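Chain identifiers are assigned alphabetically (A, B, ...) following the order of the sequence lines, protein sequences preceding nucleic acid strands; residue numbering begins at 1 within each chain. Keep in mind the model is a prediction, meaning the values are calculated, not measured. Only this structure's heavy atoms are used, side chains among them; waters, hydrogens and symmetry mates stay out.
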2 protein chains.
Amino acid sequence: MTTIRQLAEHLGLSPATVSRALNGFPEVGVATRQRVLEGAERLHYRPNMHAKRLATGKSGLVGMIFRASSERGVDPHVMDFLSALSLAFADSEIDLLVHIAPDAQQMEHHERIASRGQVDGMILSAPEPDDPRIELLARRNIPFVVHGRGTDAPDYAYYDIDNEGAFAAATRLLIQFGHKRIALLNGPQPMGYARQRERGYRAVMDEHGLPVPPRFVANGEMHEESGYRAAATMLADRARPTAFLCSSTLQALGIMRAAGEAGLKVGEDLSIISHDDVLPHLLAENFAPPLTVTRQPIRDAGPILAAMMMARLAGTPVRELQRTDKVDLIVRGSTGPAPKWGGEAWSR
Amino acid sequence: MTTIRQLAEHLGLSPATVSRALNGFPEVGVATRQRVLEGAERLHYRPNMHAKRLATGKSGLVGMIFRASSERGVDPHVMDFLSALSLAFADSEIDLLVHIAPDAQQMEHHERIASRGQVDGMILSAPEPDDPRIELLARRNIPFVVHGRGTDAPDYAYYDIDNEGAFAAATRLLIQFGHKRIALLNGPQPMGYARQRERGYRAVMDEHGLPVPPRFVANGEMHEESGYRAAATMLADRARPTAFLCSSTLQALGIMRAAGEAGLKVGEDLSIISHDDVLPHLLAENFAPPLTVTRQPIRDAGPILAAMMMARLAGTPVRELQRTDKVDLIVRGSTGPAPKWGGEAWSR
DNA sequence: TCCCGGATCTAAACCGGTTTGACCAATTGG
DNA sequence: CCAATTGGTCAAACCGGTTTAGATCCGGGA
């Protein structure tokens with residue numbers, strides 16, 4: 001392991017000059033810089049990160065703590081996000097410090113990372129309206145950017161998708177198809193995105209004077225089994241829905257299973273629209289029938305949040321780092337005209 | 001940010017004593033230690049990681065570089081592994097540095113992490129027989145543990161599952177059911193686990209004198225679409241298989257789709273056995289029909305490899321850190337007796 | 001009484017970088 | 001021709017811990 005002093009000595013220079021030359025300071029002679037760079041190459045000099053960080057106070061590390069549910073762990077979609085994030089940071093000198101923590105231990109983990117001062121910034125995901133994690137980071141003055149929003153117009157840097165608009169559009173499409181009994185299988189109740197989606201859905205239902213009995217709106221984790229369970233229950237109801245809106249293609253898969261068991265043909269007897277974060281290993285267009293979705297690959301958020309993080313670290317003010325992207329509605333075979341038997345709206 | 005000197009001054013002690021007291025050295029008086037601990041608590045003292053690391057030479061960081069395919073990214077199963085790993089390290093002082101890199105850039109990323117000396121050790125996954133990443137880490141003397149094996153008896157610390165035994169057992173079950181034309185949809189060819197699985201499969205086929213034409217063994221990425229494609233091609237063959245063995249439940253999903261399109265009923269006209277790493281958000285037992293699998297949750301590897309990593313860092317010799325676990329064969333509805341029409345073996 | 005050794009604690013060096021302030025030589029300007 | 005700049009370099013301080021070598025205090029044995 002060559003040190004900067006060894007390199008300096010080897011070159012007949014002082015460590016100070018070597019440091020400056022390597023870090024691109026303007027006050028070193030062009031010939032000297034060249035000599036230093038060559039010497040560094042020759043001796044395989046690699047600056048010791050820890051020393052560098054101690055001296056500069058910057059760690060070159062960005063932390064990210066994912067939320068895990070205690071039963072099912074982490075949503076598999078987030079791997080794609082993490083992947084994109086990591087790739088986006090690859091060119092810079094930044095590395096990712098990753099924790100996965102159950103909701104109950106989120107604060108503990110944030111506390112730990114924050115207080116040890118080992119990261120320059122944090123990326124946070126799936127915020128709730130008054131998220132204590134955000135409050136902690138703000139209080140500690142740790143730069144952070146958020147994937148999603150806890151409220152409509154938060155005062156932090158965030159990237160979010162237009163969940164409300166997406167679910168409004170999806171609801172509208174179903175209503176145009178003649179559906180009046182549209183059920184919603186949503187994500188966990190406290191999550192910002194779940195609230196936004198429910199709002200978009202309810203707004204359009206209200207607009208058309210269509211009531212929604214509470215038993216046809218479900219909140220829960222977004223996996224196949226929860227989709228199946230909720231759908232099976234709702235489909236057993238006398239006034240069963242003719243269409244489902246759900247938050248994840250895995251939930252949609254569960255709904256399809258329930259539909260199959262109930263003898264309903266998806267796309268004819270029952271319509272399904274799902275939000276699609278895009279799981280490359282299981283594409284919604286390959287479902288049978290292909291799934292109508294509001295589509296926004298979670299992967300796309302990676303480079304955006306990486307860029308925001310770097311901008312934040314460079315001092316860009318928060319209000320220039322707030323972005324909400326529109327979501328595409330992609331119509332495929334899982335949606336169709338409402339069946340005859342479900343013509344009436346739910347009673348109020 | 002309180003420093004150790006401030007704390008020492010506050011207590012009327014020297015930094016040396018404070019350091020010793022906090023790190024549990026025996027030569028500090030019991031009363032002093034108590035005083036130091038209380039003082040640290042009161043002043044919210046948190047040692048600066050970078051300083052600590054510079055002084056000790058240990059980083060408290062373990063690196064992990066996941067493999068990503070350029071088209072589909074990272075297998076969603078690995079999120080579950082990462083999650084378990086992170087949870088397992090949570091109690092210790094170790095944090096995870098995570099990179100995700102396409103295969104083409106794996107070496108570059110390893111080089112980077114290795115040469116900057118920012119991690120104490122590395123965890124590596126999905127090794128190939130002569131894996132250059134392993135060679136690099138060994139040459140640089142960076143402690144590492146491996147998830148999987150490149151060869152049968154490698155000279156590094158690893159945790160693997162008995163892929164060969166699992167696929168042998170699965171093949172045997174199908175043969176007992178009367179199947180003679182069993183196709184294999186395997187993972188990417190170079191991977192250690194793919195080779196092991198193919199070996200287990202071929203051994204049993206050979207044992208029973210059942211030939212396997214090359215076109216009924218496919219190697220490729222393990223997602224729904226690849227399963228569908230390969231299965232659709234094979235099912236279109238005049239001598240189509242009566243059973244499939246595959247490497248991932250997502251592939252199995254694709255096979256099921258192809259079977260559906262071919263008008264074949266899974267569990268009757270066509271049997272499927274998949275290896276199941278267990279994706280908690282999409283369980284094999286919830287497939288229609290429930291999937292027969294060789295099951296070993298990838299999640300279980302997390303704590304095992306975490307413990308191995310720590311043991312390795314503590315100096316445990318490599319040969320005490322080699323472990324292969326048996327795999328369960330769980331028979332469900334996707335397997336059944338061979339149909340009448342597929343009675344004859346493939347011709348040689 | 002004196003010396004010795006163990007128990008505690010401290011001063012200073014060290015880890016390997018960066019950064020401040022000073023210095024020197026070569027230009028430039030008056 | 002001398003003073004003021006400027007470009008390039010260096011010595012030393014600094015970041016915040018750990019660790020080595022020594023100092024001090026104490027009780028006990030000779």
Side-chain angles (χ1 to χ4, degrees), chain A residues 1-40 43-61 93-95 112 114-120 313, chain B residues 1-40 43-61 93 95 112 114-120:
Chain A
M1 220 59 332
T2 348
T3 73
I4 200 171
R5 279 171 236 270
Q6 289 170 358
L7 176 56
E9 187 155 358
H10 176 84
L11 293 168
L13 289 170
S14 75
T17 304
V18 174
S19 172
R20 291 213 174 77
L22 291 173
N23 290 304
F25 281 63
E27 58 265 67
V28 294
V30 58
T32 311
R33 161 161 296 130
Q34 191 55 34
R35 233 157 48 81
V36 170
L37 289 175
E38 281 165 11
L43 299 198
H44 299 111
Y45 169 73
R46 301 270 183 271
N48 178 310
M49 277 296 136
H50 306 308
K52 193 162 190 156
R53 287 162 185 184
L54 175 57
T56 58
K58 295 281 131 198
S59 78
L61 250 39
E93 289 287 275
I94 291 177
D95 290 308
R112 165 171 162 178
S115 65
R116 298 210 291 194
Q118 57 184 344
V119 300
D120 294 341
L313 292 177
Chain B
M1 231 27 6
T2 348
T3 73
I4 200 172
R5 279 171 236 270
Q6 290 170 356
L7 176 56
E9 186 156 359
H10 176 83
L11 294 167
L13 289 169
S14 76
T17 304
V18 173
S19 173
R20 290 208 176 81
L22 292 173
N23 290 304
F25 281 64
E27 59 266 66
V28 294
V30 57
T32 311
R33 161 161 296 130
Q34 191 55 35
R35 232 158 48 80
V36 170
L37 290 175
E38 282 166 10
L43 299 198
H44 298 111
Y45 170 73
R46 301 271 183 273
N48 178 311
M49 277 296 134
H50 306 308
K52 192 163 191 155
R53 287 163 185 183
L54 175 57
T56 58
K58 295 279 134 200
S59 77
L61 249 39
E93 288 286 276
D95 290 308
R112 164 171 163 178
S115 65
R116 298 210 291 193
Q118 57 185 345
V119 300
D120 294 340

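- Residue B:Y45 places at least one side-chain N or O under 4.0 Å from the OP1 or OP2 atom of D:dG17.
- Picking from C:dT18, C:dT10, D:dT19 the nucleotide with the shortest atom distance to the side chain of B:F25 gives D:dT19.
- Between A:L43 and A:Q6, every side-chain heavy-atom pair lies at or beyond the 4.5 Å cut-off.
- Remark: of the listed residues A:L37, A:L22, A:T3, A:L22 is the sole one forming a side-chain contact (heavy atoms from CB on, under 4.5 Å) with A:Y45.
- A heavy atom lying under 4.0 Å from DNA chain C marks the following residues of residues 14-24 of chain B, by number: B:S14, B:A16, B:T17, B:R20.
- Residue side chain A:R53 does not reach the base of C:dG17 through any donor-acceptor N/O pair under 3.5 Å, judged by distance alone.
- Residue A:M49 holds its CE atom at 5.5 Å from CD of A:E93, rounded to the nearest 0.5 Å.
- Remark: C1' of D:dG17 and CD of B:Q6 are 13 Å apart, rounded to the nearest angstrom.
- Across C:dG16, D:dT18, C:dC9, the shortest atom-to-atom separation from the side chain of B:T32 is found for C:dC9.
- Taking atom CG on B:L11 and atom P on C:dT10, their separation rounds to 10 Å, with Å as the unit.
- Under the 4.5 Å side-chain criterion, counting only non-hydrogen atoms from C-beta, A:D120 is not in contact with A:I94.
- Residues B:A8 and B:P15 come closest through the heavy atom pair CB-N, 3.6 Å.
- Side-chain contact between B:D95 and A:R112 is present, with heavy atoms from C-beta onward closer than 4.5 Å.
- Rounded to 10 degrees, the angle between the two end axes of the helix from C:dT1-D:dA30 to C:dG30-D:dC1 is 60°, with five pairs used at each end.
- Per the geometry, CZ belonging to B:R5 stands 11 Å off C1' belonging to C:dC14, to the nearest Å.
- Within the 4.5 Å cutoff, no side-chain heavy atoms of B:T2 are placed close to those of B:H10.
- Nucleotides of DNA chain C nearest to B:G29 and A:T3 differ in position, and the one nearer the 5' end is that of B:G29.
- Atom OG1 of B:T17 is separated from atom CZ of B:R33 by 11.0 Å, given to the nearest 0.5 angstrom.
- If you take NE2 of B:H50 and P of D:dG17, they are 11 Å apart, rounded to a whole angstrom.
- Taking atom CG of A:L54 as the reference point, atom P of C:dT19 lies 12 Å away to the nearest angstrom.
- Counting to the nearest Å, the C1' atom of C:dG5 and the CD atom of B:E27 are 16 Å from each other.
- Residue B:K58 contributes atom NZ, which lies 16 Å from atom C1' of D:dT19 at whole-angstrom precision.
- Here the shortest heavy-atom pairing between B:Q118 and A:R53 reads OE1-NH2, 3.1 Å.
- Taking atom CE of B:M49 as the reference point, atom C1' of C:dC15 lies 16 Å away to the nearest angstrom.
- If you find the closest nucleotide of DNA chain C to A:A55 and to B:A51, the one lying nearer the 5' end belongs to B:A51.
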